[in-house]
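Accompanying notes for the structure given below.
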Amino acid sequence: MIDPSARIHETAVIDDAAYIGANTAVWHFCHVMSEAEIGADCSFGQNCFVAKGVRVGRGCRVQNNVSLYQGVELEDDVFVGPSAVFTNVLRPRAFVSQKDAYAATRVRRGATIGANATVLPGLTVGSYSFVAAGATVTADVPDFALVAGVPARRIGWVSRRGVRLTFDAQGSATCPESGESYRLDGERVSAA
């Protein structure tokens, strides 16, 4: 079902039994397969692919040249930069069918995946975390973590707005843009 308020470009292919939510835009040369679900207020840039059974929450922004393969789930308000890559099989072989081995990958609410980043299968990218451009994610990413590199390593913490946080000796930080307070407890950050 395609909500009547959705904007679907004439070159996009939306298979039967796909769901596209209200006010969502699907642009040039995209393909959304049957049984995929895309929530309201999303945007899919040029040349995106959404596989069967993929779930995308409300308010997501998926930039050009991104494929969301079976097993990938984006929660609400996720940003995926241009040409980011999600994989769904750990050891792919062209001659071995592994359709029963697709690993679930979850990108939690408000997270950002930078341009040209790669996320390996079966991982969770935490809420409001930030994966830097070009990073390769090989392990779960904690909430509010800033990760970069190959393989991706935590190099700091960010606020809900994506602004880098500086914690004091007591483990407190304030986002300079929003004024929100954050608490660092060991290797875990939470909004205070």
Side-chain angles (χ1 to χ4, degrees), residues 1-3 5-6 14 17-27 30 32-45 48-88 102-133 135-148 152 154 157-163 165 175 178 180 182-183 187-192:
M1 177 198 140
I2 301 173
D3 187 276
S5 65
I14 311 297
Y19 176 82
I20 310 288
N23 301 310
T24 286
V26 179
W27 294 109
C30 291
V32 179
M33 292 186 73
S34 178
E35 300 176 36
E37 293 182 17
I38 298 173
D41 303 313
C42 293
S43 177
F44 279 77
C48 290
F49 171 74
V50 182
K52 178 180 179 177
V54 166
R55 304 286 178 263
V56 176
R58 296 178 61 93
C60 293
R61 301 286 176 260
V62 180
Q63 302 301 304
N64 295 353
N65 306 313
V66 173
S67 293
L68 301 177
Y69 295 113
Q70 194 168 349
V72 174
E73 179 183 351
L74 307 182
E75 292 185 358
D76 294 348
D77 301 320
V78 168
F79 178 89
V80 182
S83 301
V85 175
F86 292 91
T87 61
N88 62 359
Y102 292 156
T105 300
R106 178 177 237 175
V107 182
R108 306 290 310 267
R109 181 183 189 124
T112 292
I113 309 293
N116 294 306
T118 299
V119 179
L120 295 186
L123 301 176
T124 297
V125 177
S127 296
Y128 304 103
S129 63
F130 199 109
V131 176
T136 299
V137 177
T138 61
D140 289 344
V141 177
D143 295 349
F144 300 103
L146 170 62
V147 299
R154 189 182 58 73
W157 302 100
V158 294
S159 70
R160 286 180 214 213
R161 297 235 180 146
V163 177
L165 295 171
C175 175
S178 68
E180 290 180 315
Y182 293 85
R183 189 94 193 119
E187 286 296 309
R188 185 169 179 228
V189 167
S190 57

Could you tell me the separation between the CZ atom of Phe49 and the SG atom of Cys30, rounded to the nearest 0.5 Å? 11.0 Å

Cationic N near anionic O, under 4.0 Å, Glu75 to Arg108: yes

All heavy atoms of Ser67 vs all of Phe86, minimum pair found to be O-CD1, 3.9 Å

Just how far is it from atom CD1 of Ile14 to atom CD1 of Ile20, taken to the nearest 0.5 Å? 4.5 Å

Between Thr136 and Ala152, is there a donor-acceptor pair closer than 3.5 Å when you use the side chain of the first and the backbone of the second? no

Straight-line distance of Trp27 CH2 to Ser43 OG, nearest 0.5 Å: 7.5 Å

Taking atom CG of Asp3 and atom CG of Asn23, what is their separation to the nearest 0.5 Å? 7.0 Å

Between Asp76 and Arg58, does any NZ, NE, NH1 or NH2 come within less than 4.0 Å of an OD or OE carboxylate oxygen? no

Which atom names give the shortest non-hydrogen contact between Ala84 and Ile113, and what distance separates them? CB-CG2, 3.9 Å

Answer yes or no: is there a side-chain heavy-atom contact under 4.5 Å between Leu68 and Phe44? yes

Taking the side chain from Tyr102 and the backbone from Val72, do they hold a donor-acceptor pair closer than 3.5 Å? no

Ignoring hydrogens and geometry, is there a side-chain-to-backbone donor-acceptor pair from Thr24 to Cys42 under 3.5 Å? yes

CG-CZ distance between Leu165 and Phe144, expressed to the nearest 0.5 angstrom: 8.5 Å

Of all heavy-atom pairs linking Lys52 and Gln70, the shortest is O-CG, 3.4 Å

Minimal non-hydrogen separation, Ser5 against Ala22, with atom names: OG-CA, 3.3 Å

Side-chain heavy atoms of Tyr19 within contact of Arg55, under 4.5 Å: no

Walk me through whether Val125 and Val119 qualify under side chain to side chain contact (heavy atoms under 4.5 Å, CB included). CA-CA 9 Å; Val125 177; Val119 179; 4.3 Å; yes

Heavy-atom side-chain proximity of Leu74 to Val62 below 4.5 angstrom: yes

Which atom pair, heavy atoms only, marks the closest approach of Val66 to Ser83? CG2-N, 3.9 Å

Strictly distance-based, threshold 3.5 Å: is any side-chain N or O of Ser34 a donor or acceptor partner for the main-chain N or O of Ala18? no

Candidates Ser190, Ser127, Ser129 - the one meeting side-chain contact (heavy atoms from CB on, under 4.5 Å) with Asp143: Ser127

Give, for atom CG of Leu123 and atom OG1 of Thr87, the distance between the pair rounded to the nearest 0.5 Å. 8.0 Å

Of the non-hydrogen atoms in Cys48 and Gln63, which two are nearest, and what is the gap between them? SG-O, 3.2 Å

When you compare the side chain of Trp157 with that of Pro142, does any pair of heavy atoms fall below 4.5 Å? yes

For residues Tyr128 and Val158, determine if any side-chain heavy atom of one lies less than 4.5 Å from a side-chain heavy atom of the other. no

Assess Arg61 against Phe79: is NZ or CZ under 6.0 Å from the centre of the six-membered ring, and within 45 degrees of the ring's axis? no

Indicate yes or no for a side-chain donor-acceptor contact from Ser159 to the backbone of Arg161 under 3.5 Å, with no hydrogens or angles considered. yes

Say whether, by atom type as modelled, one donor and one acceptor occur between the side chain of Asp140 and the main chain of Thr124 under 3.5 angstrom. yes

